Amino acid sequence: MVTKGWLLHSALAMVLIVGVSSQDCGQILTRLKQANQAQLELLNSKMNSTIPEQCINDVVSFSLKNKLPTNLDVSEEENAKVAIQEVLQQTSHIFRQNCTEMLWDEDSLRAFHAGLDQQSENLKSCLSASPRSQRIQLTRLRVKRYFQSLNDFLKQKEYSRCAWEIIQIQVKQCFLWIEKLIVMKN
Ligand SMILES: *[C@@H]1O[C@H](CO)[C@@H](O)[C@H](O)[C@H]1NC(C)=O
Ligand SMILES: *[C@@H]1O[C@H](CO)[C@@H](O)[C@H](O)[C@H]1NC(C)=O
């Protein structure tokens with residue numbers, strides 16, 4: 001079994017590797033895939049394998065109403081990169097909300113933030129499309145709207161344990177979607 005300490009170290013190592021070679025945009029998706037994998041492992045190590053019983057109703061009703069817009073038009077690689085970058089940025093933002101009930105230790109949370117911010121910056125520096133392009137703006141808007149619903153929910157539920165369970169489940173889905181997108185585009 002891999003220990004949490006090992007996972008944390010591998011996540012930190014990933015951050016460093018990704019940071020060093022950030023100028024090489026040709027390999028950006030390959031490196032992003034590795035970093036995303038490390039982030040996913042870190043997230044998984046912090047999540048309970050079963051949803052706490054008192055949260056099941058909330059999980060079900062939330063999942064029925066809110067979905068990551070996976071039907072975004074990502075036929076162009078550039079648009080896929082924009083979608084991924086926005087997801088990373090928004091995830092970093094949401095994990096800076098009141099985390100008391102989330103039960104993560106400080107070091108893991110810090111590593112998670114560092115990974116998200118680093119990947120997001122690397123990807124940003126490799127985007128070539130005009131940020132004013134209508135399609136790019138629409139992509140960002142749709143991702144933002146979805147995260148706004150997560151933010152609203154957290155706030156409405158007063159950053160409770162169940163609300164954080166749900167956020168983590170949703171973010172996990174986002175990471176799995178990123179992985180799928182990268183495999184498709186790479
Ligand atoms: C996982 O569930 C157990 C039993 O409900 C609980 O004691 C523990 O704190 C939970 N861990 C996390 C990270 O939520
Ligand atoms: C954070 O959330 C917890 C749990 O809902 C609450 O008890 C605490 O007062 C909140 N802290 C802040 C700074 O809002």
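Scope of the values below: all heavy atoms of this structure, side chains included, with no hydrogens, waters or symmetry mates. Atoms within a ligand are numbered from 1 in the order they appear, just like the ligands themselves. Everything numeric in this text was worked out from a predicted model, so none of it was measured.
Looking at ligand 2, you won't find any N or O of E101 less than 3.5 Å from one of its N or O atoms.
For atom 12 (C) of ligand 2, the closest heavy atom belonging to the protein is N98 ND2, 3.2 Å.
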Handout entry: N151/H93 under side chain to side chain contact (heavy atoms under 4.5 Å, CB included): CA gap, chis, key distance, verdict
Key = CA-CA 9 Å; N151 264 311; H93 176 70; 3.8 Å; yes

Handout entry: Criterion side chain to side chain contact (heavy atoms under 4.5 Å, CB included) on F147 and E86, from CA distance to verdict
Key = CA-CA 10 Å; F147 275 93; E86 192 65 46; over 6 Å; no

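The CZ atom of R31 sits 11.0 Å away from the CD1 atom of I182 when rounded to the nearest 0.5 Å.
Counting heavy atoms from C-beta on, the side chains of K46 and L103 never come closer than 4.5 Å.
For ligand 2 and E158, the ligand atoms under 4.0 Å from any heavy atom of the residue are 4 (C), 5 (O).
There is no protein heavy atom less than 4.0 angstrom from atom 9 (O) of ligand 2.
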